[in-house]
A.B. asks: 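Sharing a structure here in structure tokens format.
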Amino acid sequence: MKNKINVYLIEYAINAVLRQKYKSFFIVSVFMLLTFLLTSVFFITNSIKHELESTVDALPQIIVQKIKAGRHYDIDVSSVDGILEIAGVSDAVARVWGYYYFENAGVNFSLVGIEQYEKQYKNSFESIVEKFDLTHNEDDSFMVAGEGVYQTMQQNYYKEYFNFIKPDGTLKKVNLAGVFDSDTNLESNDMIVLSKETLREIFDIPESKATDIVVRVENPQEIQTVASKIKLMYPDTRIVTNQDLKVSYQNIFDYKSGIFLALFIVSLFTFFIIIYDKSSGLSNEEKREIGILKAVGWTVDDVLKEKFYESFIISFFAYTLGVGLALAYVYLFQAPLLRDVFVGYSQLKTRFELPFVFDFQTLFLVFLLSVPIYIAATIIPSWKVATLEADEVIR
Amino acid sequence: MIELKNISKIYDVNKNEKLIALDAINLTIQEGELVVLKGASGSGKSTILSLIAALSKPTNGEVIVDSKKISKLPDYFASIYRRDNIGFIFQKYNLIPTLSVKDNVLLPLIPLNPHADLVDEKLQKVMQRFNIAHKKDVLVRNLSGGEQQRVAIARSYVNDPKIIIADEPTANLDEKLSLHFIEMLRELKLLNKTIIIATHDPLFFNLDFVDREIEIHNGKILR
Ligand SMILES: Nc1ncnc2c1ncn2[C@@H]1O[C@H](COP(=O)(O)OP(=O)(O)O)[C@@H](O)[C@H]1O
Ligand SMILES: [Mg+2]
């Protein structure tokens, strides 16, 4: 009987929370806001991190670009043959792609040309080739667009086709064959996939030229060696490896995590102010109540147990609310306001979805940063009063 | 049996000033005895009560209850001692104003982790005995002085203590309610409790059911 949970003690604690309506309401509000902010920031960070990682993983191992006087030019398609000679290279594909500025919406689309019967340098293109027919001919061209592009088109009255303006000022009409949904949102959102011929026409790139060449290496350990060999063979090129890209992606990200950290510290700071305020002392009524409980036979343990329940109820309730709100805010409503701060790096104004990444560690971290600290901050001053001589407290 | 042996209580008023509230007191109270401590305000009556209830510790001497040195008990055991032996009716009642009558009376039982059926029955009985059951769900802060005192009495009685202590029980009551309290006291006496009352109210003097009147003066017992 002694070791059973004391229902009356818990009831007393619940009652205590309800009795101090305004105080409890205030604490729950502030506490909830802080857990909400913290959790939201963590959720957004996790989502972007996840997104970046999958983007980087999908990057080509080596990209070869032609550089003249520090400027990027189209590369000769014939270079592919030379690169394929290098030991360790398993594949080399000339890519035709580029950014197209859509003036009406003020956004950039990235246009990527693929060839139906060529080996695709990205896995996600294989399924596009399988699903859609992008055959090119004079008056009937087709494209497949990312979700973000599709939305932008819809908003600008292009339902089934799009008119690209060619360098000579004439229009090229391309029909929308479908919308794709790749696993990496970040990259594919502003993307349009069409046949290489169509793209050459839009950008006016001759058959003998390509935007760059992507190289696949058998053994990932050899990427650097192969990269140097290509540079030796074609000195007028710039070689970008996926390692380089990873670093620059991470740089952008680390810069952002500075902002996260700032926000994090601000909220933590606010939290500690409340804690400080609370631990600086109990009100006279609170002290007296503890004295009365001691006088009628409660031990210090009983009092502290009750205070533990009280603060646990209030902080866990607020924590749950905060986390629940953050879940809804970030994943359901896609984090309005905060999202602009964090997703700004992608430089696209097109739609970007924060993927749901459930991370138990985050929830646990926020829990550790809030609930036990609050409980300690409640129990310590109560403990100070409870260990005083009861007579002094109630006199 | 309660024994006070050579008890002194000295308060530090400030750094250089000490106040001798009790000065080498010796006193024995038998089981079932009803004792009235009388004396002017400031004579030391409340201090004696709080020592017997282990709410404070003497500067010198020993308080022995049923051959246990309760003045030497660590805080935890002092609480247990109060829980099991003492019912204290404080001068200012010391109720929790934002709790209902019932919840106030329940307070001494909570640390015992009692069984729900027993609790309800016990509370109902006690509240009925002290005529406050009809207000059981009313918040204590909305009660009159007399009603608050009845709650305080019910609370002191609910853990079935051997010793009931009342400090100036009629200080805040009019004459009618004071007489009513004395009737309740008579009833408690019949229940064979050891009862100690501190008062300077003449209503308590020469009552037939009071076993002994002890006069305190300046921290000493007058013979
Ligand atoms: N905590 C305290 N600090 C200082 N002096 C105290 C304290 N408690 C009581 N006293 C003093 O001790 C003396 C006895 O007080 P008390 O026992 O309350 O007397 P009574 O109950 O007979 O009026 C008084 O002079 C009082 O001022
Ligand atoms: Mg007094």
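Convention: sequence-line order gives letters A, B, ...; per-chain numbering from 1.
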A.B. asks: Taking side chain as everything from C-beta outward and backbone as N, CA, C, O, which of these in B/A116 sits under 4.5 Å from a heavy atom of chain A? Side chain, backbone, both or neither.
C.D. replies: both

A.B. asks: Tell me the closest heavy-atom pair linking A/E389 and B/K57, and the distance in Å.
C.D. replies: OE2-N, 3.2 Å

A.B. asks: Quick check for you: to the nearest 0.5 Å, what is the distance between B/D103 atom CG and A/Y8 atom OH?
C.D. replies: 10.5 Å

A.B. asks: Drop me the distance from B/L112's CG to A/L9's CG, to the nearest 0.5 angstrom.
C.D. replies: 11.5 Å

A.B. asks: Identify the heavy atoms of A/G297 and B/P111 that sit nearest to each other, and give their distance.
C.D. replies: O-CG, 4.1 Å

A.B. asks: Closest heavy-atom contact between B/K92 and A/I394?
C.D. replies: NZ-O, 4.4 Å

A.B. asks: Are more than 12 heavy atoms, taken from residues, nucleotides or ligands other than B/K102, located less than 6.0 Å from that residue's NZ atom?
C.D. replies: no

A.B. asks: Please tell me if the side chains of B/L99 and A/Y12 come closer than 4.5 Å, counting only heavy atoms from C-beta onward.
C.D. replies: yes

A.B. asks: Does any non-hydrogen side-chain atom of A/R19 lie less than 4.5 Å from one of B/I96?
C.D. replies: yes

A.B. asks: At a heavy-atom separation under 4.5 Å, does B/F88 approach chain A through its side chain, its backbone, both, or neither?
C.D. replies: neither

A.B. asks: Counting only heavy atoms not in A/F317 (residues, nucleotides, ligands), do more than 12 fall under 6.0 Å from its CZ?
C.D. replies: no

A.B. asks: Can you confirm whether B/F77 is buried at CZ, in the sense that more than 12 heavy atoms of other residues, nucleotides or ligands lie under 6.0 Å from that atom?
C.D. replies: no

A.B. asks: Select one option (side chain, backbone, both, neither) describing which atoms of B/F90 are under 4.5 Å from chain A's heavy atoms.
C.D. replies: side chain

A.B. asks: Take a 6.0 Å sphere around CZ of A/F26 and say whether it holds more than 12 heavy atoms from other residues, nucleotides or ligands.
C.D. replies: no

A.B. asks: Below 4.5 Å from any heavy atom of chain B, which atoms of A/V393 appear? Answer side chain, backbone, both or neither.
C.D. replies: neither

A.B. asks: Pick whichever of B/P97, B/A54, B/S50 has the most heavy-atom pairs under 4.5 Å with chain A.
C.D. replies: B/S50

A.B. asks: When heavy-atom pairs shorter than 4.5 Å are enumerated against chain A, which of B/I86, B/V119, B/N85, B/D84 gives the highest number?
C.D. replies: B/V119

A.B. asks: If I take atom CD1 from residue A/I292 and atom CG from residue B/L95, how far apart are they, to the nearest 0.5 angstrom?
C.D. replies: 7.0 Å

A.B. asks: Is it the side chain or the backbone of B/Y93 that comes within 4.5 Å of chain A heavy atoms, both, or neither?
C.D. replies: neither

A.B. asks: Can you tell which part of B/N94 gets under 4.5 Å to a heavy atom of chain A, answering side chain, backbone, both or neither?
C.D. replies: both

A.B. asks: So which heavy atom on A/V7 is nearest to which on B/N113, and how close?
C.D. replies: N-OD1, 4.3 Å

A.B. asks: Do you know which of B/S46, B/P108, B/S56, B/S156 has the most heavy-atom pairs with chain A at a distance under 4.5 angstrom?
C.D. replies: B/S56

A.B. asks: Would you say NE2 of B/H134 has more than 12 non-hydrogen atoms from neighbouring residues, nucleotides or ligands within 6.0 angstrom?
C.D. replies: yes

A.B. asks: Can you tell me how far apart CD (A/E289) and OG1 (B/T98) are? Round to the nearest 0.5 Å.
C.D. replies: 6.0 Å

A.B. asks: With heavy-atom distances below 4.5 Å as the criterion, would you say the side chains of B/L55 and A/K294 are in contact?
C.D. replies: no

A.B. asks: Do the side chains of A/D302 and B/I110 get nearer than 4.5 Å, heavy atoms only?
C.D. replies: no

